[in-house]
Amino acid sequence: MKKSHLLVLMAALAAGTAAAEGTVAGTTIENTASASFQDPANAGTTLTSNSNTVSTTVLPLPGFDIVYTDGTADSNTISTTPILTTGAVPGQKITTGYSVLNNGNVTLTVNLAADVTGAASGQTVQYFLDANGDGVADSTTPITSVIVPVDDPSTLADEGIVKIIQVITLPTDPALITPSSIFGASPEGTVTGTAGADPLVTPGNGYASGTTVYEDGKAVNTDLQFVRITVFAPALDNNPNTNPGTPVDSAGNPITDPALVPPSQTVQIPTETTGKTGDATPVVPTTGYITPGAPASDPTPGGTPIVPNVAGDIQIAYPKADANTNPDTVVFSNNLTNTSGATDKVQLFPALADGTPDPAYTYDPATGTFTNATTGVVIRFLDPVTGAVILASTDPNNPTAAVYPTVTVPTGSTVVYRTEVTYPDPNDSAVIAPVTVLIGADSLKDAAIVSDSTTTNTILPPSAQFGDATGTLGAVSTPNPIQTVNPGGTQSGVASPDLTDATAVFPMDVVNNGQYNDSYTLSGSVTLNLVGGGTVTVPVLYYAPDGSLLPRLSTDPASPDYTKFITPVIAPGTEYKPYAVVQVPAGTLTGDYTVTQNAVGNYSTIPMTDANNVIRVAPDGNVAVAKFVAKSGVTAASNPVNGINNPANFTATGATGAKPGDDITYRITAKNNYNTTISNFFLSDTVPANTLFKSIQLLDTSGTVISTNVIYKVGSGAWGTTAPAAGLANPSVIYIALDANNDLIPDALAPATTLTAEFVVTVK
């Protein structure tokens, strides 16, 4: 025998070797006795006599065991085994080396089965031969038993060992594997007895026929070698932009986050609620950052202000408006922290509230683009340093393949990634909803695609309307509101009555259809034609609903901002109803005048125009008539009548006397003081008593006789081009008018113009 039984067994347990139990069964042991004695016939000679030969067959003394190949002591339960595998992932294969030992003197067939007491369901346990003990299966065919020969005592090698490996494959079904799941198994060897009642007759394998014997002959489940497997528990925190202590890029390389240089920024966001005196923009300084790496489609010069709320796991962007309908883009900076204790590979995707991928988005793995065909929102994840699109990548240590863009996050580190959100911008007037994107981060080391931590990126787009007031929320631009004014009337406030005064009042609506607070600068004007020629541009004044004048953008009358007015802050989904007031000056010609009004968001910069309000100027004024008589030495304009100056050498009073046969010359002047043209205009005079008509003619403004396009009429007669004959006596009425188009109808007289006739009679 090579070694004592006890010493050999102890060494076998320590070194994974069999402890052979003596001579191989079936060996025949023969023995012949002899007697030696002095030859009585020959002194000094020894004689020997042999007995008969007795033969004995060595019977089976079976024994077997399964031990850890690395010499670890046996363990009987899954909870007490020292062989641990931690951080296992779905589908992972855990391999453990075992040695099947023949501790007896007969070759045994050892059946292999897995004891999974205390293990979660769903795992697969298989056994494979590993003859050279390198931890790699000799073939892909699993085994359920091994034949273990006996050790040959005549050799130095121990033939009584067969090495195997146990392979446990974890499930991939998320219903079967969770961070709290415990898996594991132990090989359990058995031998079925084949020996007969008389070993000399039927030696078999030494165990009674039909019996099942466990390792070392112990009771079932008392000699086991468990492996315990715990599942990787992701510990991810997907956050808005913060200032991580150990930032890395999407590949896990240390970086300085460009969005956090300096690490704390102050941004202006439109959250002011009441408006500040002298400040048109409803902004409040807040800690945040400006859109990093903003693309050309970012509507905000210099980038969109973004405010993180780490406690609420949300960040909000406040973009301004732009001048086109192209899709707009906002780029968020996000952080993903790993505290699991091991490097993790994480995939990113738009998620639902339950953490599963949002099915509304279609993912293109070639471009790394998520597209929502219903809303038009497009999402890409970008590297924070290079701006390159992050694509899906595989991890050779993880059986689960990545489906979506992946980032590598070392334990104790924070990866920085960008979320680029592009959204439609059809117009800046219709009601618009927030653009909210829930970003999921799913460890590739757990089952299924379900986010382990989500964060929310929200865009609050601007939108506004400006136009004529309505009874409901919103403004209209049709029909054209008309306000009639009398330019000769008084100026009134917002309660201006129509027709009777010189003030036009238009009720307006400023509607905030966007998603953040804003105030608006209002301005407008109308260009009016004046009596006598020329124009004047009149600004629109804006009044609050209570009748008070809104604050001006500037209090300096010389500033162009003096005619611009500021609304209070208007909350999203509400409107403000100012009055647009135009004070029409006296001397404005009749007509319809279109008022142009403008509104612009003081934060959003949305420009709006309303150009359909009409001021209708009604006729206002009179016709003044003055009659002067010739008198030498009278100075011109020294004796005006009804606002009309006397010509030189004519007077309205104190006329020179006339003798019979003398002529009396009169100047009759009429002026159109209306703000509109007067049609069918003519002058007339009655031949005074005691005189005879001599002549009548029209004069231009210089006093020169108008010799053409003049028509005449006497009494109720018809108009004609022949002047009345001299000699007509009282009460004859002589009419005279201009007729430029020769239609025998008196011409019209324009506003602020005059018509003068010289009327001569002779004293009888």
Side-chain angles (χ1 to χ4, degrees), residues 1-33 52-69 71 73-74 76 98-115 127 129-131 133 143-164 186-225:
M1 185 174 292
K2 293 180 180 178
K3 304 172 185 174
S4 72
H5 174 245
L6 179 60
L7 291 176
V8 170
L9 180 58
M10 291 176 62
L13 291 174
T17 61
E21 291 292 342
T23 305
V24 176
T27 302
T28 300
I29 299 176
E30 294 181 338
N31 183 259
T32 302
N52 61 298
T53 299
V54 177
S55 298
T56 302
T57 302
V58 178
L59 297 177
L61 180 60
F64 68 98
D65 196 7
I66 299 177
V67 298
Y68 298 107
T69 296
D74 285 356
N76 289 325
Y98 292 93
S99 295
V100 184
L101 309 180
N102 189 337
N103 295 330
N105 66 348
V106 61
T107 298
L108 296 175
T109 297
V110 179
N111 301 311
L112 301 174
D115 190 310
Y127 297 95
L129 284 173
D130 178 21
I143 59 174
T144 58
S145 65
V146 291
I147 298 174
V148 188
V150 296
D151 180 29
D152 183 355
S154 66
T155 66
L156 293 177
D158 193 343
E159 293 83 6
I161 300 175
V162 175
K163 293 182 179 180
I164 63 172
S186 169
E188 187 169 52
T190 60
V191 172
T192 301
T194 60
D198 184 354
L200 290 175
V201 178
T202 310
N205 59 13
Y207 294 120
S209 178
T211 61
T212 298
V213 183
Y214 293 90
E215 300 167 33
D216 280 339
K218 297 178 181 178
V220 62
N221 296 335
T222 58
D223 188 3
L224 299 174
Q225 302 79 35

Asks: Taking all atoms of both residues into account, what is the closest heavy-atom pair of Gln225 and Ser186, and its distance?
Replies: N-OG, 2.6 Å
Asks: If we only count heavy atoms from C-beta on, is the Pro62 to Leu108 side-chain gap below 4.5 Å?
Replies: yes
Asks: Using only atom types and a distance under 3.5 Å, with no angle test, would you say the side chain of Asn76 pairs donor to acceptor with the backbone of Leu224?
Replies: yes
Asks: Quick check against the 3.5 Å criterion: does Glu159 have a side-chain atom that pairs as donor or acceptor with the backbone of Pro149?
Replies: no
Asks: Only counting residues at least two apart or in another chain, list the ones meeting side-chain contact (heavy atoms from CB on, under 4.5 Å) with Asp198.
Replies: Leu200, Val201
Asks: Rounded at 0.5 Å granularity, tell me how far CG in Leu112 sits from CD1 in Ile143.
Replies: 5.5 Å
Asks: Is there side-chain contact between Phe64 and Val148, with heavy atoms separated by less than 4.5 Å?
Replies: no
Asks: Taking the side chain as everything from C-beta on, heavy atoms only, tell me whether Ile147 gets closer than 4.5 Å to Val162.
Replies: no
Asks: Does Asn111 offer a backbone N or O that forms a donor-acceptor pair with the side chain of Ser145 under 3.5 Å?
Replies: no
Asks: Sequence neighbours left out, what passes side-chain contact (heavy atoms from CB on, under 4.5 Å) with Val150? Give chain and number order.
Replies: Val24, Asn102, Thr107
Asks: side-chain contact (heavy atoms from CB on, under 4.5 Å) with Thr212: which residues, sequence neighbours excluded?
Replies: Thr190, Tyr214
Asks: Okay, side chain of Thr155, backbone of Ala157: is any donor-acceptor separation there less than 3.5 Å?
Replies: yes
Asks: Restricting to side-chain hydrogen bond (donor to acceptor under 3.5 Å, both in side chains), what partner residues turn up for Asn205, sequence neighbours left out?
Replies: Thr194
Asks: Do the side chain of Asn105 and the main chain of Leu59 share a donor and acceptor less than 3.5 angstrom apart?
Replies: yes
Asks: Rounded to the nearest 0.5 Å, what separates atom CG in Asp65 from atom NZ in Lys218?
Replies: 7.0 Å
Asks: Rounded to the nearest 0.5 Å, how far apart are CD1 of Ile66 and CD1 of Ile164?
Replies: 5.5 Å
Asks: Has the side chain of Glu188 got a donor or acceptor atom that lies under 3.5 Å from a matching backbone atom of Ala113?
Replies: no
Asks: Can you list the steps and then say if Ile161 with Leu101 is a side chain to side chain contact (heavy atoms under 4.5 Å, CB included)?
Replies: CA-CA 5 Å; Ile161 300 175; Leu101 309 180; 3.7 Å; yes
Asks: Of all the heavy-atom pairs spanning Ala195 and Pro203, show the shortest one and how long it is.
Replies: CB-O, 3.1 Å
Asks: Partners of Tyr98 by ring-ring contact (aromatic ring centres under 6.0 Å, His included), sequence neighbours excluded?
Replies: Tyr68
Asks: How would you list, by chain and number, every residue that makes a side-chain contact (heavy atoms from CB on, under 4.5 Å) with Ser209, sequence neighbours excluded?
Replies: none
